[in-house]
J.: 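Have a look at this one before I ask anything.
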Protein chains: 2
Amino acid sequence: MSTVTIKDVAALAGVSPATASRVLSGNPATSPQARERVAAAVKQLEFQPNAQARSLRSTRTDSIGLLVSDVRNPFFADLAHTVEQSALAAGYVTLLGNANERTDQQDRYLNSLISRRVDGIIVAPQGGDSASIRALIKRRIPTIFVDRVIADIDLPSVTTNSDTGIRQAVAHLAERGHTRIGYIAGPQSISTGRERYSAFTRAIAATGLSADPALIYVGDFQAASGSAAVHALLSLTDAPTAIIAADSLMAVGAVAMLQRLDLRIGEDIALVAFDDIEWFSLLTPALSVITHSVEDMGRIAVQLLLQVIDGQHPQSVVLPSELIIRASSAGAAHATLPPSSRKN
Amino acid sequence: MSTVTIKDVAALAGVSPATASRVLSGNPATSPQARERVAAAVKQLEFQPNAQARSLRSTRTDSIGLLVSDVRNPFFADLAHTVEQSALAAGYVTLLGNANERTDQQDRYLNSLISRRVDGIIVAPQGGDSASIRALIKRRIPTIFVDRVIADIDLPSVTTNSDTGIRQAVAHLAERGHTRIGYIAGPQSISTGRERYSAFTRAIAATGLSADPALIYVGDFQAASGSAAVHALLSLTDAPTAIIAADSLMAVGAVAMLQRLDLRIGEDIALVAFDDIEWFSLLTPALSVITHSVEDMGRIAVQLLLQVIDGQHPQSVVLPSELIIRASSAGAAHATLPPSSRKN
DNA sequence: CGATTCCATGGAATCGATTCCATGAGCGTA
DNA sequence: TACGCTCATGGAATCGATTCCATGGAATCG
């Protein structure tokens with residue numbers, strides 16, 4: 001094959017491979033002539049250094065790994081985008097892994113990233129404890145949790161404080177006259193699922209609204225479970241007049257099911273979603289959301305990771321969340337008819 | 001550091017590094033005892049082979065690169081997902097690069113992928129000619145174009161034949177009584193932009209509808225240009241009664257602007273989008289779309305790439321497109337009022 | 001039973017860059 | 001003039017795995 005190595009460059013430039021290497025890595029101990037001639041040779045031969053060989057010796061790869069739960073989730077797609085851009089600005093290439101909401105694929109990707117000797121890893125961890133995440137720690141591979149954490153593993157993280165946003169949402173709905181608020185929770189094996197759930201129950205208790213356990217439906221952060229949740233909640237004899245969904249995908253499922261049931265969102269029933277997605281405001285009616293900044297999250301995660309790589313021990317960062325009121329929750333509460341009496 | 005190498009494994013297992021390597025790579029020339037003892041040592045030391053060292057010698061990295069225009073575009077997020085899953089099934093890890101709709105970032109990622117000696121690359125190329133894409137060919141790196149191609153570069157590709165879908169859409173709108181159809185085109189520097197545009201003009205000519213050039217607005221495949229397009233088209237003295245958008249993001253921008261102008265989609269004006277996005281059917285009214293299978297596209301792209309890696313010369317594949325009629329284009333045509341007379 | 005093949009194995013070269021170490025030229029100062 | 005210092009440079013070791021090649025013992029065949 002036409003593999004051009006640094007020896008070829010050195011030969012053409014009339015210097016040793018050592019000098020060529022120094023020029024390429026910007027080592028100051030090089031003469032202007034050498035720099036010039038090596039640069040010319042590199043251009044002429046279209047030399048591309050072999051990253052494998054380079055990092056084998058220097059133990060740096062200038063790459064970081066990012067492991068998300070699902071790229072198709074707009075939240076994680078946005079996160080991938082900001083992480084990637086921030087890392088690129090700092091001279092790192094991002095390898096994106098997709099756990100596909102499965103622990104086995106998460107482990108497979110983590111092992112692959114370890115083998116590739118990435119300089120650090122940002123991970124939105126899947127579910128509970130994981131052997132391969134413990135392996136990261138044992139090998140002292142710089143690692144940051146983003147969005148989600150694992151309870152008993154102490155690593156720097158960037159997360160959202162969902163408490164404020166959820167409290168605002170519950171207060172807002174209470175003010176509109178809702179007393180029975182349904183909640184579509186995320187899986188309790190995931191930290192965000194647990195945290196948002198407990199924030200919701202605290203807010204309910206603080207506001208003195210109905211704490212009927214039947215109003216809680218535990219989903220899996222995927223669209224289908226949002227649909228199932230709406231169906232279940234509206235089948236109750238005493239159905240909720242408002243619903244909060246713990247992530248955007250379950251909110252999508254909820255919207256789809258509400259439309260199928262011919263219920264008018266914002267009139268027959270109020271709906272608030274966690275996570276703001278660009279097109280949520282295009283729905284009719286526009287969706288009220290609890291928002292948090294993906295841009296900040298991604299940018300700060302990279303920042304923390306670079307600090308860990310640099311040998312520092314940064315503090316975890318908690319970002320705020322906030323309610324944005326749109327038409328889907330603006331109307332006053334009145335009794336929701338069960339789906340059976342309307343259609344079907 | 002606690003870097004465990006194959007020598008440590010070999011020492012613990014009481015064999016040579018050569019034998020340990022053979023066991024690890026599944027070489028049949030190994031005794032059951034050796035296999036057993038090496039396996040035990042690997043497990044005990046939690047050995048993870050160094051991918052750099054491995055691929056430096058063997059020239060295989062078991063990884064492929066995927067370069068898309070924008071991860072935040074749901075179409076490419078879905079594509080990334082299917083490519084990644086197909087590749088994983090074949091034993092390859094996918095490195096995802098995000099050109100961010102910019103040629104310089106595309107080139108930067110391509111060079112990085114070349115340096116990492118990926119076994120092959122799937123790319124949705126940015127704009128016109130590119131030095132780094134020519135570099136791929138010169139180095140004989142297995143490469144496949146997906147979704148988009150570059151005109152004078154002859155590489156296997158997986159693309160969509162937009163002709164059928166667009167013809168169906170135009171015919172459908174003509175049947176509903178529309179004679180002036182606006183078209184929000186993609187950039188003419190991108191193959192899909194050109195191809196869909198010419199498909200549209202052909203369909204218009206075949207149906208005998210108005211070919212007024214003022215009905216064509218050239219956008220950039222991003223949401224903002226969809227909004228601008230709608231604003232421009234509806235400011236015409238003889239405004240279109242229906243609009244076709246050449247991709248999903250521009251359709252999103254179009255929907256946002258139509259809502260801002262207080263126009264009822266499906267009644268005041270018909271709208272059809274290229275690319276089907278899951279939540280397009282959740283809009284009120286649900287959006288009519290020209291759909292093509294992302295799953296097939298991703299799966300086949302990986303398949304072709306593996307064939308090229310294997311030394312074969314596969315034929316390019318062209319996938320079909322098809323119209324799905326929903327409420328946004330179901331109504332009969334009647335004159336669209338210019339935005340100025342309604343609001344603003 | 002001797003010759004030949006087969007096969008598991010270890011030693012050593014190799015992949016392509018980086019980096020340690022030694023060298024020698026150039027220069028300033030005593 | 002001689003000594004010490006800086007600094008660019010080349011030779012060679014190195015990173016960690018793979019793989020070529022040689023070897024010796026076991027199995028097979030005439």
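Residue numbers start from 1 in every chain, and the chains themselves are labelled A, B, ... in the order their sequence lines are given, proteins ahead of strands.
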J.: Given C:dA17, D:dA12, D:dA17, identify the nucleotide with an atom nearest to the side chain of A:Thr5.
T.: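 Taking heavy atoms from C-beta onward, the closest nucleotide is C:dA17.
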
J.: Taking for each residue the nucleotide of DNA chain C with the nearest heavy atom, is it B:Thr59 or B:Ser16 whose nucleotide lies nearer the 5' end?
T.: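 Final value for this comparison: B:Ser16.
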
J.: Of the nucleotides C:dA12, C:dA17, D:dG11, which one has an atom closest to the side chain of A:Ala18?
T.: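 The answer is D:dG11.
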
J.: If only atom types and distance count, is the side chain of B:Asp107 paired as donor or acceptor with the main-chain N or O of B:Asp104 below 3.5 Å?
T.: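 Absent.
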
J.: Below the 4.0 Å mark, does C:dA8 have OP1 or OP2 next to a side-chain nitrogen or oxygen of B:Thr30?
T.: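 Looking at the OP1 and OP2 atoms of C:dA8, neither is under 4.0 Å from any side-chain N or O of B:Thr30.
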
J.: In whole Å, I'd like the distance from the CG atom of B:Leu24 to the P atom of D:dT19.
T.: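 For the pair B:Leu24 CG and D:dT19 P, the rounded distance is 12 Å.
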
J.: What is the distance, to the nearest angstrom, from the CZ atom on A:Arg57 to the P atom on D:dA17?
T.: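 Going from CZ in A:Arg57 over to P in D:dA17 covers 15 Å.
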
J.: Given the rule in the salt bridge (Lys or Arg N to Asp or Glu O under 4.0 Å) test, do A:Arg102 and A:Asp70 qualify, once you have shown the distances and angles that lead to the verdict?
T.: CA-CA 9 Å; A:Arg102 287 169 48 174; A:Asp70 186 358; over 6 Å; no

J.: Expressed as a whole number of angstroms, how long is the span from B:Arg60:CZ to D:dT19:P?
T.: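 From B:Arg60 CZ to D:dT19 P: 9 Å.
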
J.: What is the separation between atom CD1 on B:Ile6 and atom P on C:dA12, rounded to the nearest whole Å?
T.: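 Result: 18 Å.
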
J.: Side chain of B:Ala29 only, please: which of D:dG16, D:dG10, C:dA8 is the nearest?
T.: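 Of the candidates, C:dA8 comes closest.
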
J.: Return the pairing partner of D:dA27 with a 3.5 Å limit on both distances, Watson-Crick or G-U wobble; otherwise return none.
T.: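 C:dT4 is the nucleotide pairing with D:dA27.
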
J.: Any base atoms under 4.0 Å from A:Ala51, or only sugar-phosphate, or nothing? Heavy atoms, all strands.
T.: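 No contact.
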
J.: State, without any angle test, whether A:Asn100 and B:His81 hold a side-chain donor-acceptor pair at a distance under 3.5 Å.
T.: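 Judged by distance alone, the side chains do pair up.
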
J.: If you assign A:Ser21 and B:Pro17 each to the DNA chain C nucleotide with the nearest heavy atom, which residue ends up on the more 5' nucleotide?
T.: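 Looking at DNA chain C, the more 5' nearest nucleotide goes with B:Pro17.
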
J.: Quick one: is B:Ser58 getting a side-chain N or O under 4.0 Å of the D:dT18 phosphate, OP1 or OP2?
T.: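 B:Ser58 to D:dT18 OP1/OP2: no side-chain N or O under 4.0 Å.
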
J.: What's the closest nucleotide to the A:Arg54 side chain, out of C:dA17, D:dT18, C:dT9?
T.: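 Of all the options, the side chain of A:Arg54 is nearest to C:dA17.
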
J.: Roughly how many Å is it from CZ in B:Arg22 to P in C:dA8, rounded to a whole number?
T.: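 In whole Å, C:dA8 P lies 10 Å from B:Arg22 CZ.
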
J.: May I ask you to check whether B:Asp310 and B:Gln312 show a side-chain donor-acceptor distance below 3.5 Å?
T.: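 Indeed, the side chains of B:Asp310 and B:Gln312 share at least one donor-acceptor pair under 3.5 Å.
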
J.: When you check the side-chain N and O atoms of B:Ser31 and B:Arg35, is any donor under 3.5 Å from an acceptor?
T.: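 Per modelled atom types, B:Ser31 and B:Arg35 side chains form no pair under 3.5 Å.
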
J.: In whole Å, what is the span from the CG atom of A:Asn50 to the P atom of D:dA17?
T.: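 These atoms are roughly 16 Å apart.
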
J.: Whole-Å distance between C:dG16 P and B:Ile114 CD1?
T.: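 In whole Å, C:dG16 P lies 16 Å from B:Ile114 CD1.
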
J.: Are any of B:Ser31's side-chain N or O atoms less than 4.0 Å away from OP1 or OP2 of C:dT9?
T.: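 For C:dT9, OP1 or OP2 has a side-chain N or O of B:Ser31 closer than 4.0 Å.
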
J.: Take atom CG of A:Asp8 and atom P of C:dG16, then tell me their distance rounded to the nearest Å.
T.: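 Taking CG of A:Asp8 and P of C:dG16, I get 9 Å after rounding.
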
